[in-house]
**Q** 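Mind having a look at this structure? Questions to follow.
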Amino acid sequence: MLFDDQYPTLPESLPVIRQHKQAMTAVVASCLPDDEHNIRLAQRLTLMIDGAIVMAQREGNGEPAVALLQESLSEGPLYR
């Protein structure tokens, strides 16, 4: 399995990656009111945060990623 052609993902790293994503979602969810809709919101927020992290790592500069993340969070309700 490849992350992309340039950076192969080692199969043994996948369980660690999955556990990290689950833990990250749980932390985000713990910051929200206890509501069935907030589980989905936590998943969406985790995806946005993770995307910003990947973008910052790829570009070597976190400022554009943080700016896009802030813009995305301020544009309107995340419930849809």
Side-chain angles (χ1 to χ4, degrees):
M1 178 182 296
L2 295 177
F3 173 73
D4 64 26
D5 292 337
Q6 196 172 16
Y7 302 102
T9 300
L10 300 174
E12 59 272 14
S13 68
L14 294 177
V16 174
I17 293 168
R18 284 188 193 104
Q19 192 280 328
H20 170 73
K21 304 300 180 201
Q22 291 168 347
M24 192 170 153
T25 301
V27 169
V28 171
S30 74
C31 297
L32 301 170
D34 192 17
D35 180 316
E36 65 184 61
H37 299 287
N38 284 340
I39 293 170
R40 184 75 171 152
L41 177 59
Q43 292 170 333
R44 293 174 68 194
L45 289 168
T46 300
L47 180 63
M48 292 170 66
I49 293 165
D50 196 47
I53 292 168
V54 170
M55 181 181 177
Q57 290 172 334
R58 185 183 65 228
E59 295 185 5
N61 179 359
E63 290 179 25
V66 170
L68 281 172
L69 181 59
Q70 288 174 329
E71 182 181 313
S72 297
L73 292 172
S74 67
E75 281 185 350
L78 292 170
Y79 286 110
R80 292 195 189 162

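Because the structure is a prediction, the values reported are computed rather than measured.
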**Q** Applying a strict under-4.5 Å side-chain criterion to I, L, V, M, F, W and Y, I'd like to know whether Met48 and Val28 cluster together.
**A** yes

**Q** Could you point out which residue of Leu68, Leu73, Val66 forms a side chain to side chain contact (heavy atoms under 4.5 Å, CB included) with Gln70?
**A** Val66

**Q** Got a sec, which pairs hit side chain to side chain donor-acceptor pair (under 3.5 Å) with one end in residues 51-69, sequence neighbours left out?
**A** none

**Q** What pairs of residues pass the side chain to side chain donor-acceptor pair (under 3.5 Å) test when at least one of them lies in residues 45-54, not counting sequence neighbours?
**A** Lys21-Asp50, Thr25-Thr46

**Q** Spell out, yes or no, whether Met24 and Ile39 are grouped together once hydrophobic residues are joined by side-chain heavy atoms under 4.5 Å, including indirect joins.
**A** no

**Q** Between Leu32 and Ile49, is there a shared hydrophobic cluster once you connect ILVMFWY residues whose side-chain heavy atoms come closer than 4.5 Å?
**A** yes

**Q** Which residues pass the side-chain contact (heavy atoms from CB on, under 4.5 Å) test with Ala52, sequence neighbours left out?
**A** Ala65, Leu69

